[in-house]
Amino acid sequence: MLYKSGVEYADFCLNHVEGCAHGCRFPCYAFNMAKRFGKVKSYDEWIKPKLVENALELLDQEIPKYKDQIKFVHLCFMTDPFMYKHKEVSDMTLKIIERLNKDNIRCTVLTKGIYSKVLTNKEKYGSNNEYGITLVSLDSEFKKEFEPFSAPYEKRIQALKHLHDNGLKTWVSIEPYPTPNLIEQDLKEILNKIDFVDRIIFGKLNYNVETSHYSSNGFYEKCAQIVINFCKERGIDYHIKFGTQKQDNKKTVVLFNKKLEKQCTLLVER
Ligand code: SF4
């Protein structure tokens, strides 16, 4: 259940559901991986989530093993912990957060669903968890096409605001941010809707051939700058995902060149 994540802003991670009813078509990395490794055969199978029924028992076994290494646990990268209209998933997630917090393990959570109000019960759940939503648009037509069965944007924001108003830390992942050929929209409008959060993560859309040239034409550079300025003006913490800004591409080339240079030197020495 618990594993060390390779994602740049995460530590340990946990996925207690196989599949995800939100059925995103950005495309969904988790679905592609599940298909590639033979866990599901089709989209229809993917959107019928299956709970890992013994998740809590597994956690009881694994927490003592990893406790000293864990800074925090992220839920989830390969499914959605507060899956919209799937109460059984949300109920299990609440039990998992409670279990981890009982051992003083902090959780970061990310959903395209609706947060339960019970999370404000500070006797049951730790007060230093961080609750995030993914929000890449405010347009319901876009949602219908790209994340058809996730929670409506407005409801997502309201539930997050409720947690914020009750003193909990909140964040938003604006990733994968769609390019203008998919939707013309004003990034500032989205940012203004979430100006109460503690942290914003921004990242480009990957794995979509229709949008690949936007990475080089400066579109994401401008978007990242808008996010950075917005956050700086309001004292909001931010993180721009690696590869979103051109400077990252330069860094990748420099790293590659350095590696190449080292290999050449070794060859010459031999
Ligand atoms: S919410 Fe996440 S895991 Fe679920 S379908 Fe969408 S992208 Fe995939």
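Each ligand, and each atom within it, is numbered from 1 in the order the structure gives.
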Side-chain polar contacts of residues 224-232 - donor-acceptor pairs under 3.5 angstrom, sequence neighbours left out - could you list them?
from: Gln225; atom 1: NE2; to: Asn229; atom 2: OD1; distance (Å): 3.3
from: Asn229; atom 1: ND2; to: Gln225; atom 2: O; distance (Å): 3.4

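Phe202 has its ring centre no less than 6.0 Å from the ring centre of Tyr238.
Neither side chain, Tyr153 nor Asp139, offers a donor N or O lying under 3.5 Å from an acceptor on the other.
Every pair passing ring pair (Phe, Tyr, Trp, His ring centres under 6.0 Å) that includes a residue from residues 118-138 is listed here, sequence neighbours excluded: Tyr115-Tyr131.
Of the possible polar contacts, one joining the Thr79 side chain to the Gly19 backbone as a donor-acceptor pair under 3.5 Å is found.
Nearby protein atoms of type N, O or S around atom 4 (Fe) of ligand 1 amount to 1 (distance under 2.8 Å).
For the salt bridge (Lys or Arg N to Asp or Glu O under 4.0 Å) test, residues two or more places apart in sequence or in another chain that qualify with Asp165 are Lys161.
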